[in-house]
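Convention: sequence-line order gives letters A, B, ...; per-chain numbering from 1.
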Amino acid sequence: MMGISTGTLLLVALLAVHAVMAGELVVKAGESIQDAVSAAKSGDTILIEPGTYKETVYIDKNNISLRGVVVSGNWPTLEGEKIRNDAVLYSGSGITIENLKIVNYKGNGIMGQAGNNFVIRNNWIIDAGVYGIFPEFGKNGLIEHNVLSGIEDAAIYVGMCDNVDVLHNEVFDSVAGIEIENTRHSIVDGNYVHDNTGGILAFITPGLPIKTNYDVIIRNNFVVNNNHENFAIPGSIVSYVAKGTGITIMAADDVVVENNIITNNEYIGIGIAGLEFIAGVRSDPESEPNPDRVKILNNLMWGNGENALPEVKAAVQAMMPGERYVDIADISKGTGSCILEKDRYVSVGLDRYSTCKMTSTADTLTYTLPEPVEIREIAADEKGKAAYYGICAGCHAYSVKMIGPPTMAIQAMYQGRPEALAAYIAAPSKVREDYPEMPPQNYISEDVRLAVAQFMLQVEK
Amino acid sequence: MIRRAVCLVVLCALAAFCLQAAEPVSGQRFTLSTHCPPGFELARGSCFLRSLYQLYDSLRGAGVGGLKTGLAEVRDGFTPQQIDLGRYLFFDPLLSGDGSLSCASCHHPDLGFSDGRGRSIGVTGDPVDRSAPSLWNVAFLKRLFWDGRAHSLEEQVTGPLYAPDEMGNTERRLLTDLNANETYRRLFEEAFGQNVITANAVYTALTAFEASLISLNSRYDRYAHGYHEALSADEIAGLNVFRSFVARCAECHTPPLFTNQEMAVIGTPEPEGLPFDKGEGALTGDPTQRGAFRVPTLRNVANTAPYMHSGRFADLRDAVKFYTQGRGHAVAEGERLSLHWHIWEPDLSERELDLLVSFLHTLTDETFRPPMPDAVPSGLEPVGVVPSGAR
């Protein structure tokens, strides 16, 4: 009888939770997006109506969508006025950010710190500071159909991530168009990358805590006229990018360049270098410096390299006197690289390249994951144990008096009543004369409070 | 109590006697704990760290990321006895050449396991070259010392023990003194099952104790775990400045440990009158590593002033202000440094600097502070020279 009614209650509770999870919150002009984020629960979508929003939005929750509502060409606009740092910061997983116009920030347009399963699409980002879109430490993400310009470092910067697709974006008038840095399994496909200092870059920055960059597919992109003056901040990594660079591969491994149109980039169409190429950065013995196993498949290239590196230029002249252009230069010590139909291009430093055995990456549709990265399901006893030793043990030892009474004494008092103990943990009151009053532990979520109460009542030493 | 204190004073009137002391009158009172320190679970006889952060993952297990990000690999698995023996050793001035300094003389629990000085003072009475880093959360670090030259805590402890200007001891003398002490022989036997005290056992015990100094329960952590009321509006604003790409603090002082464990050249000035410290570059000779130092954790940073490798900045406000004064502003003319790319000109407002400082105060947590022993097996006064500011 008891069991049935508890079960029914649980079911009702679960349904209620489910109903709440699909919520939508509407933000109108004059209201605050952040207020809606603060009120939102996991699973909610925040609809942002047209208007100008002068704020930094931070999302420290999971499964939240920010969705702009564009009406008759009027976009909801996050306006930084060159006084605010970042438009959107998120640390949660399952974050979607779409249909926003972001202008005039000092730091980043959209920055993620460790959120997995992110989707950033259909945003219009202009002069938003250092990076337009910058997910960092995230796994499984999609960046598509964004338009970015006027960014003083990289318009789209995938830094220290795994499994990210960057598809169908337009990036222009920025220092770097699309950067894939210290990241594994990424695809840059179908983007229009023009009029930047450098178009697409896959590279390793030394001195970062995640050291590798491999399995990058750069395909079906237009990489044209990337001849913008370099206006990067002095000392930044991209301040070393030469004006007129189409695609740069520095120290990254297993990069495939396929079916791109790469034209009129005046320094080089595709440049391949090792870490020795950048000066002014502390050398990091833990970063492997060579770009290995680069694969250059069929690409359409012309009109590149008119102002190439003098050594490259000289090498071209030695081989082909009078040649104005150079499409590809490899000045690295990388090994295992290959190319298809090398003779189609003017190239330097590719003597050691073999003919690629593969001809297409068509079998690889995406590097995003078939299923989202799970927000780890934690068993109750594991949660309870972590909270007991990680927090409670600061004041409670098993059998001796510390700051609070021994766990044994608490067990005697609450045996069989974990719910009561969980309630006390959230809102303690003074019980014992000879002990200080316990501070409330209401910052621990309800399920963890119950789990820790259960654990505490059965721990044996 | 009083009787014991008097007894110790009498015994220690002659330091030489103390160094050679046999089992003191009350030797039997030294027993080793059979419980793990707070934060650790006793499993199969050893202590293993437990923290809510272990419920989270981190990209490639690197222990860097955002709020709900897992920790870097930890050194744990020491026995309760090894940890407790390490605690006695840590506070025992017998470990220094002249019996005046213990580890705690420069890493004092009252001072965030540092010493409140810009540069620590060794047995010679003169300041050494650099400041004493905090020991909170060293269990997670893959390189130690400001110049990153040690790759394990065991390797690290030999530095201060045997540096002539720090603790000024020698391995031979340390082992002679310890083996001459019946209490220590008994305790090492209990912790390591060896009737002769070896150098490795000493290093392991010190490592075991240092690796037990865990600080992961600050108000910031409550926020990170999802209780957003734990921080005030200003502190959250400070967090947002901290992780913004304008200030960029979190790019190197990355959560959850508030260090990415890398080496960085940031170009801080030395205190007035001191020569330029080449840091990692002095070890390697690599010109790009001149002035590179290990990125320190910011946990409990509010308790470890002054700041930077030689204590140039007296308080947190001065320390954060350094980052907004311009790339290389304090680098001497003619000095060529490969400054880190995140050192730029963020142009932070005075208000933002204040917000950053208020956020840094939310990283304080010393709930797992270990008890200081009332007495140590040598019979010397625990700690030895006490840094000013310690209670």
Side-chain angles (χ1 to χ4, degrees), chain A residues 38 56 58 60-61 85-86 89 91-93 106-108 111-115 129-131 134 136-139 160-162 205 207-210 233-237 280-284 373 376 378 382-383 385-391 393-395 397-398 400 402 442-445 448 461, chain B residues 35 38-42 49-60 62-69 216-217 222-230 236 240-241 243-247 250 254-255 260-265 286 288-289 292 327 338-341 343-347 367-368:
Chain A
S38 299
T56 289
Y58 57 95
D60 293 325
K61 300 178 174 185
N85 291 340
D86 311 280
L89 293 167
S91 72
S93 284
K106 286 167 65 187
N108 291 342
M111 181 180 195
Q113 286 163 336
V130 185
Y131 298 112
F134 176 20
E136 190 178 32
F137 301 120
K139 188 176 174 95
M160 291 189 273
C161 288
D162 281 350
T205 292
L208 291 177
I210 293 176
I233 304 130
S236 65
I237 299 291
V281 176
R282 172 190 165 269
S283 62
D284 176 6
V373 182
R376 195 139 64 99
I378 311 296
E382 200 188 335
K383 280 184 200 169
K385 184 191 275 190
Y388 176 74
Y389 289 108
I391 299 170
C395 296
Y398 183 68
V400 296
M402 280 174 77
N442 48 358
Y443 58 91
I444 309 172
S445 66
V448 177
K461 53 184 189 278
Chain B
H35 302 288
F40 291 83
E41 179 189 14
L42 184 63
L49 180 70
R50 298 289 174 250
S51 158
L52 286 178
Y53 281 105
Q54 291 170 331
L55 307 184
Y56 314 134
D57 292 316
S58 74
L59 193 77
R60 309 201 79 74
V64 281
L67 302 186
K68 289 188 178 174
T69 294
L216 294 169
N217 291 321
R222 296 175 181 192
Y223 181 92
H225 295 314
Y227 181 69
H228 291 177
E229 291 75 11
I236 293 172
N240 285 339
V241 177
R243 60 181 162 172
S244 79
F245 218 76
V246 175
T254 313
N260 67 357
Q261 305 217 33
E262 291 296 317
M263 307 293 294
V265 185
D286 182 332
T288 69
Q289 296 174 338
R327 181 178 164 87
S338 296
L339 290 172
H340 199 280
W341 59 94
I343 296 297
W344 70 311
E345 308 203 4
D347 196 22
T367 47
F368 291 174

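Interface remark: H225(B) contributes no atoms to any contact with chain A (heavy atom separation under 4.5 Å). Neither the backbone nor the side chain of Y388(A) has a heavy atom closer than 4.5 Å to any heavy atom of chain B. Residue contact with chain A, scored on non-hydrogen atoms closer than 4.5 Å, is absent for S58(B). Residue contact with chain B, scored on non-hydrogen atoms closer than 4.5 Å, is absent for S445(A). Contacts of S38(A) with chain B are absent, with no heavy-atom separation under 4.5 Å from either backbone or side chain. In this structure, the portion of I233(A) lying under 4.5 Å from any heavy atom of chain B is its side chain and not its backbone. Using a 4.5 Å cut-off between heavy atoms, D86(A) contacts chain B through its side chain alone, with no backbone atom that close. At a 4.5 Å heavy-atom cutoff, the contact between Y131(A) and chain B is made by side-chain atoms alone. Contacts of I391(A) with chain B are made by both backbone and side-chain atoms, with heavy-atom separations under 4.5 Å. If you measure heavy-atom distances from C395(A) to chain B, you find no contacts under 4.5 Å at all. Contacts of V281(A) with chain B are made by both backbone and side-chain atoms, with heavy-atom separations under 4.5 Å. Heavy atoms closer than 4.5 Å to chain A are found in the backbone of S51(B), but not in its side chain.
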Inset, instruction - Let me see the working for F137(A) and V64(B) under side-chain contact (heavy atoms from CB on, under 4.5 Å), right down to the final yes or no. - result: CA-CA 8 Å; F137(A) 301 120; V64(B) 281; 3.5 Å; yes

Legend entry - Chi angles and distances behind the side-chain contact (heavy atoms from CB on, under 4.5 Å) call for N85(A), F245(B): CA-CA 7 Å; N85(A) 291 340; F245(B) 218 76; over 6 Å; no

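Contact count versus chain A (heavy atoms, under 4.5 Å) is highest, among L216(B), T367(B), I343(B), L42(B), for L42(B). If you tally non-hydrogen atom pairs under 4.5 Å between each of P346(B), S338(B), G66(B) and chain A, the highest count goes to S338(B). The residue among K385(A), M160(A), K61(A) with the most heavy atom pairs within less than 4.5 Å of chain B is K385(A). Taking I236(B), D347(B), L339(B) one by one and counting their heavy-atom pairs under 4.5 Å with chain A, the maximum is reached by I236(B). Of the listed residues (F368(B), Y223(B), W341(B), W344(B)), the greatest number of heavy-atom pairs within a distance under 4.5 Å of chain A belongs to W341(B).
Looking at M402(A) and P38(B), their side chains come closer than 4.5 Å, going by heavy atoms from C-beta outward. Counting heavy atoms from C-beta outward, Q289(B) and S283(A) have side chains that approach closer than 4.5 Å. You'll find the side chain of I444(A) stays beyond 4.5 Å of the side chain of Y227(B), heavy atoms only. Taking 4.5 Å as the limit, every side-chain heavy atom of Y389(A) sits out of range of all side-chain heavy atoms of F40(B). Here the side chains of E382(A) and Q54(B) are not in contact, with every heavy-atom distance at 4.5 Å or above.
The nearest pair of heavy atoms linking R282(A) to A292(B) is CD-CB, 3.9 Å. Of all the heavy atoms in A393(A) and G39(B), the pair that sits closest is CB-N, 3.8 Å. Nearest approach of S91(A) to R243(B), heavy atoms of both residues: CB-NH1, 4.2 Å. Between K139(A) and L59(B), the shortest heavy-atom distance links the atoms CB-CD1, 3.8 Å. A386(A) and L55(B) make their closest contact through CB-CD2, 4.2 Å (heavy atoms, listed as atom of the first residue, atom of the second, distance).
The distance from atom NZ of K383(A) to atom CG of L52(B), rounded to the nearest 0.5 Å, is 10.0 Å. Of the inter-residue distances, the one linking D284(A) atom CG with M263(B) atom CE reads 10.5 Å to the nearest 0.5 angstrom. Here CZ of R327(B) is found 8.0 Å from OG of S236(A). Values are rounded to the nearest 0.5 Å.
Side chains of T56(A) and N240(B): no donor on one and acceptor on the other come within 3.5 Å.
Not one N or O on the side chain of N260(B) forms a donor-acceptor pair closer than 3.5 Å with the backbone of L208(A).
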